[in-house]
There are 2 protein chains.
Amino acid sequence: MPGQSSTRDRMVDAAFALFDEQGYDATTVDAIVERAGVSRSTFFRAFGSKEDVIFPHHPDLRARIEARLAAGSAETRVVAVREAAGLVLEQYLSEGDVALARYRLTRTVPALRGREIASMLGYQQLFREALLHWLDGPDAELRAELLAAGIVTGHNVILRRWLRGQTDDPRGELSHALDLVMESRGLATAAPHGALGTTVVVVESNRSGAEVADVVRRALEG
Amino acid sequence: MPGQSSTRDRMVDAAFALFDEQGYDATTVDAIVERAGVSRSTFFRAFGSKEDVIFPHHPDLRARIEARLAAGSAETRVVAVREAAGLVLEQYLSEGDVALARYRLTRTVPALRGREIASMLGYQQLFREALLHWLDGPDAELRAELLAAGIVTGHNVILRRWLRGQTDDPRGELSHALDLVMESRGLATAAPHGALGTTVVVVESNRSGAEVADVVRRALEG
DNA sequence: CGTCGATGTGATACCCAGTGTCACACGCGT
DNA sequence: ACGCGTGTGACACTGGGTATCACATCGACG
């Protein structure tokens with residue numbers, strides 16, 4: 001292959017540049033492929049549609065969320081949900097300017113707005129299915145759906161605040177938002193089965209295992 | 001005008017019939033207008049897009065929700081939310097078979113699914129804006145968004161159950177779902193400002209004003 | 001070293017949704 | 001009878017998306 005797999009990157013860059021210069025609707029696929037130096041066929045093979053070029057990472061992110069939730073259990077559901085939601089936020093934070101450009105586009109172009117909404121609802125489905133296995137009791141189905149909606153909605157509120165430049169601590173605010181969501185649905189209860197063993201829940205940490213263990217030991221001894 | 005305004009109805013009927021016979025994607029607008037006996041121009045003037053013919057009532061419903069919420073206040077917010085959510089449910093219930101046909105389509109055709117999701121998020125925005133005026137305290141913005149998402153999500157769960165034939169009492173289940181949503185966010189609190197006057201909240205009733213008054217009188221006297 | 005298949009790419013033709021424009025017919029009031 | 005607004009039809013055009021065929025590069029294998 002002549003152009004490695006960077007042909008994809010070239011198309012993304014060309015698309016975002018043109019969208020920024022002349023708007024989404026006014027930019028034709030022909031113009032994108034011309035600037036990227038590829039053919040129409042290549043574009044549609046890589047992205048499937050003009051909209052997909054705006055969200056080139058969604059399939060990958062979706063897979064990562066699914067994997068994180070699949071690694072959780074009824075006992076570790078709180079941290080599983082927190083980390084899975086964190087994956088989404090981190091994806092946007094790491095994209096930086098691209099995320100901002102996308103936000104500007106999704107705000108103004110209805111078609112893209114619908115596209116993003118659909119993606120978010122896809123994430124919500126992942127959370128709902130995971131929660132459905134972790135919850136029991138009356139209204140489990142309804143509560144799982146409400147919780148999933150709360151998680152995604154809470155995340156979106158914080159993400160939007162960050163995109164608007166209204167916060168410098170999106171991670172902390174997401175954590176607080178998830179507190180609000182999970183507390184109100186009784187999800188934050190540790191050891192849901194009333195086990196008498198030792199349950200350690202590490203909600204969030206960037207320390208090493210040894211450091212965490214040290215903190216725990218001192219807490220128990222103190 | 002020769003064909004009254006039933007040209008619109010004829011197009012809707014023709015579209016649903018063809019979608020049912022050969023699927024959404026396989027049905028061209030030309031086929032629809034041919035069966036309806038109108039021209040292409042007429043179709044696009046009436047609906048704007050092929051998708052819009054599936055949701056011909058959304059603009060009207062949106063206006064009714066907005067009106068109901070606008071008629072509410074911080075004191076009557078609980079009943080305002082309940083009735084506004086009820087408007088959506090009643091719309092679907094009154095459509096009967098058409099709602100079922102639409103559900104079948106939206107489940108299978110991704111484009112229509114995205115369309116419906118976008119509509120639902122439009123309703124969510126109406127609730128969010130109303131709630132934003134009725135809530136105060138910390139995290140008002142976040143709580144309004146979470147509540148709006150809960151209301152719409154709860155409604156959708158019940159609606160979906162009804163569309164699947166899993167319930168005979170969607171109104172009752174919606175009421176219960178909204179209980180769950182509002183209770184968990186402290187929205188159900190009557191007289192939020194701590195007023196010492198008399199606050200009467202009629203949560204749901206199909207009785208006349210006189211009958212309700214009679215029940216209240218007996219409750220106070222007993 | 002030649003052959004083969006897999007993969008990424010280009011070129012072309014086609015379908016169909018959606019827009020814009022002009023023309024026509026009808027009802028309605030003056 | 002005359003305009004005038006409105007709903008409709010006819011037609012041409014743009015542009016997203018699909019299908020098909022051709023070609024070029026690279027690695028595997030005999």
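Within every chain, numbering begins at 1; the chains are lettered A, B, ... in the order of the sequence lines, protein sequences first and strands thereafter.
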In whole Å, I'd like the distance from the CG atom of B:Asp25 to the P atom of D:dG16. 19 Å

Nearest-Å distance, CZ (A:Phe43) to P (D:dT18)? 12 Å

What's the CG-P distance between A:Asp30 and C:dG10, to the nearest Å? 13 Å

Atom-pair distance (CD on A:Glu34; P on C:dG10), nearest Å: 13 Å

Using whole Å, report how far CZ of A:Phe44 lies from C1' of C:dT12. 15 Å

Would you mind telling me which residue lines up with the more 5' stretch of DNA chain C, B:Arg45 or B:Lys50, judged by nearest nucleotide? B:Lys50

Decide yes or no for A:Arg171 and A:Leu93: does some side-chain heavy atom of the first lie under 4.5 Å from some side-chain heavy atom of the second? yes

Flag the pair A:Arg82 and A:Asp179 as a salt bridge only when some basic side-chain nitrogen lies within less than 4.0 angstrom of an acidic carboxylate oxygen. yes

Can you measure B:Asp9 atom CG to D:dG7 atom P for me and round it to whole angstrom units? 15 Å

Do we get A:Lys50 above A:Tyr24's six-membered ring, with its NZ or CZ under 6.0 Å from the centre and within 45° of the axis? yes

Evaluate the side-chain proximity of B:Pro170 to B:Leu159: yes if any heavy-atom separation is below 4.5 Å, no if none is. no

Nearest-Å distance, CZ (B:Phe47) to C1' (C:dA17)? 16 Å

At less than 3.5 Å, do the side-chain atoms of A:Arg40 and the base atoms of C:dG10 form a donor-acceptor pair? no

Classify B:Ser41 by what it touches in the nucleic acid, base, sugar-phosphate, or nothing, heavy-atom distance under 4.0 Å. base

To the nearest angstrom, how far is A:Arg8 atom CZ from C:dT7 atom C1'? 16 Å

So, OP1 or OP2 of D:dG9: does either fall under 4.0 Å of a side-chain N or O from B:Thr42? yes

